[in-house]
Structure formats: C-alpha cells, structure tokens
Amino acid sequence: MQGEASDLRFFTNLVDAGSITAAARAVGTSPAAISRKLATLEARLGVTLIIRTTRVFRLSEAGQVYYGRALAIVEEIDVLENEIASASSKPQGNLIVGAPMELGRRQIAPFIEAFSERYPKLQISLVLASEGIHDPGDGLLDINIRLGLPDTPGSIVTLLATTRRVLCASPTYFEKRPVLQTPNDLASHDCLCIRRQKTMTVLNKWAVGNEYEKHVVTVSPKFSSTNCEIIHDWAVSGRGIAYKLLSDVYRDIASGRLVRILPDFYGEKVDLYAVMLPCQQSNANVRAFLDLLREFFRDAGGFGDELAKDETGYGVSSVN
C-alpha cells in the first residue's frame, strides 16, 4: 500500500513537471532513473501511461484516467496527514499528573484550572501523595512532579523551578515565648516535624545558614505528622515552628498569618523536577503542560534562585 501511494505521488509529480528531464531535475536525480521508475510502474499496471518520444510527452488515454484519480487520492492523503499532524500537536485526550500533597494542592491544582481553560479538550487527573507516589516507569502517570532529584532508571528528568525551606510560625506562637536569637535556640522551642510515611523516621535535623555561617540543628518535635499540610495548619494555628518550603507558605507570610523566623538565615535549597518516560517527551499534552508550568513557577511566589528575605520575621533583625 505504501509503495502504491508512492507511485501515485511519483506519477502526478512527473505529469506536473511536464517532462522526464524536468521531473529528474526537481528531485535531484537522473532522467534515466525517472524513465526506469515510469517503466516499472507501467509494467506493473500493464498499460502505457505516457507516450514519449524525443519530441512528444503526453498522457495516453489510460494515463489521463490514472492521473485524474491519482491526483484526487494524493490530495486526500495530504489532507488526512495534515489533519493528523494538526491533531497530534494540540493537547487533547487524557493527562495524568502526579505531585506531592501540599505542592499539588496549593500550586499545581490552581495551575491546572488555568491550563484547562486554555486547552478545554484535555481531561486532566491530579494524583497527590505525601511521599513518592507512582514511579513513572509503571505507566500510571504521564508526568510525575517531585521535590528533589529522582533516581528512576530510564526516565527523562527536567528541572522546573527552585525554592528554599524557611523557618516560620504564627505571630501568636511568640506571645508567650522568647524570640529566637540564633538558630541554636530552635532546640528549646516547640517544633513541627515531618515523618516519612514508609519508615516513620522523623525529619528533625534542620539546616539553616547564610553566606557567613551554617547550622544543622536537631530539634525536638512537639508535634509530627506524615502529612505536610497538617504541619502547615499547626504552624498557622500557633502550635510551633515549622521548617517549610517558601513556595508553600509565601502567601501566609505575605498576609501575616505566618512570619519568617530568623529571616537572615535560609534553609536548604530544594529543586522541583518533572519525571517522565522517554516516550512522553514528544507528547503534545506533556509538552504544553510543562512549558506553561515553567512560566507559572517563574511568576509564582516562593520560587527562583534569588529568594528575597522577608524583613517582617522574628529573629535578630527584628530585636529592639
């Protein structure tokens, strides 16, 4: 079938060129090669398509019929291929995205709403989990958005954005507690810690620093949870100090519900990656989603290499 379609296109191009020599020049080959291909086509069909001599090049009666039908078929093929190419380049169908719980709810979910307005033919599923959800290799996710560099063999990994962890708490927490003077003071405060769901390991070593000094403080968790949103809620309600991603808490800091603790210090840098199978790299849905998601993160608060320090926090800079 593929050879027959090729013959149809060859014949229409030959007729449109007006001569064997012109047709050969158009495709960068020799007149002899064009003559051989025409002879092979005529032998397969058992008819003479073109009457040709040194002075004559005209369609036979069979050639006229063949050319008319071939031209219509080639045009239909071109229209079909253009339709398929156009459809495959526009996001539509299904897209399944995995993301960490809090990042997914606070950042990815609002982005998906806006993205869907732009591509209404796309049905999007957002899968959230507190820890390493599905591996992209299992085929359940089209894109897995995760914090930190993954070690999934054979996957394509692309950096989306960068944020940092910060120390934060509700202003009400300090109504009956002393203001921190140094990072080491964290050891005597109520702290809110994440536990890894699979191992129940508490993440209570908090790294903070600046260009002059670095500290790793082991804190005693007043409360701990495997759910980062619960930690967030406890911090807002004044239960203690949290070590949170700035991208998760920047709105609360801007509104005053949370304040930066020791704003002259910052926590560890955390990179945000998209992980996918190699076959998804050229998928129109995935490409469009990631291109716009990068733009979204560039404009969103709490992301970027240069993360501005908040001057309203509790710490050395706000001691009277």
Side-chain angles (χ1 to χ4, degrees), residues 1-6 8-9 12 71-163 229 247-248 251 271-304:
M1 187 68 178
Q2 184 176 359
E4 293 174 359
S6 176
L8 293 175
R9 192 176 297 279
T12 58
L71 192 62
I73 292 172
V74 167
E75 288 178 351
E76 287 184 9
I77 291 174
D78 288 341
V79 169
L80 175 61
E81 289 180 348
N82 287 335
E83 288 178 354
I84 295 298
S86 176
S88 65
S89 65
K90 295 179 181 179
Q92 59 183 311
N94 297 310
L95 181 67
I96 304 177
V97 180
M101 181 71 69
E102 189 164 10
L103 177 77
R105 191 177 75 81
R106 297 180 185 275
Q107 301 280 1
I108 307 300
F111 166 77
I112 286 176
E113 293 183 46
F115 182 75
S116 180
E117 292 292 327
R118 186 163 181 171
Y119 297 109
K121 292 185 177 181
L122 193 60
Q123 291 81 48
I124 307 173
S125 297
L126 179 59
V127 182
L128 301 182
S130 56
E131 268 192 77
I133 46 182
H134 298 292
D135 188 303
D138 61 19
L140 297 178
L141 299 177
D142 297 310
I143 309 170
N144 187 10
I145 299 171
R146 56 159 294 154
L147 301 169
L149 187 64
D151 56 359
T152 308
S155 294
I156 301 298
V157 178
T158 180
L159 178 64
L160 296 174
T162 297
T163 187
E229 287 200 284
S247 57
D248 289 337
R251 288 191 183 92
D271 293 325
L272 184 64
Y273 292 93
V275 188
M276 71 203 86
L277 292 174
C279 61
Q280 297 288 5
Q281 199 172 13
S282 60
N283 182 285
N285 296 345
V286 171
R287 288 200 314 269
F289 188 87
L290 293 182
D291 287 346
L292 291 182
L293 185 59
R294 288 189 190 93
E295 292 181 15
F296 172 80
F297 284 140
R298 280 197 292 270
D299 297 332
F303 290 101

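A quick note: this is a predicted structure, and the numbers were derived from the prediction, not measured.
Contacts of R298 classified as side-chain contact (heavy atoms from CB on, under 4.5 Å), with partners at least two apart in sequence or in another chain: R294, E295. Under the side-chain contact (heavy atoms from CB on, under 4.5 Å) criterion, L126 pairs with V97, A99, I108, A109, I112, L128, sequence neighbours left out.
Identified under the side chain to side chain donor-acceptor pair (under 3.5 Å) test for residues 113-127, with sequence neighbours left out: none.
Under the 4.5 Å side-chain criterion, counting only non-hydrogen atoms from C-beta, L159 is not in contact with L272. A 4.5 Å side-chain heavy-atom check between V127 and L141 finds at least one atom pair inside the cut-off. When side chains are defined from C-beta on, F115 counts as touching I124, because their heavy atoms get closer than 4.5 Å. Annotation: side chain of R106 is in contact with side chain of E229 (closest heavy-atom distance under 4.5 Å). The shortest distance between side-chain heavy atoms of I143 and V275 does not fall below 4.5 Å. Under the 4.5 Å side-chain criterion, counting only non-hydrogen atoms from C-beta, L149 is not in contact with D271.
Taking the six-membered ring where tryptophan is involved, the planes of F111 and F296 are tilted, since the angle between them lies from 30° to 60°. Using a 30° and 60° split on the angle between ring planes, F303 and F297 fall in the tilted class, from 30° to 60°.
A distance of 12.0 Å separates CD in E75 from CG in L8, rounded to the nearest 0.5 Å. Distance check, rounded to the nearest 0.5 Å: CG of D248 to CE of M101 gives 12.0 Å.
Nearest heavy atom pair, residue Q107 against residue A300, reads OE1-CB, 4.1 Å. In terms of heavy-atom proximity, A288 sits nearest to P91 at CB-CG, 3.5 Å. Considering every non-hydrogen atom in both L160 and L293, the closest pair reads CD1-CD2, 3.9 Å.
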Please lay out, stage by stage, how M276 and V157 fare under the test side chain to side chain contact (heavy atoms under 4.5 Å, CB included). CA-CA 7 Å; M276 71 203 86; V157 178; over 6 Å; no
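Just one of N283, L95, N94 meets the side chain to side chain contact (heavy atoms under 4.5 Å, CB included) condition when paired with D142; it is L95.
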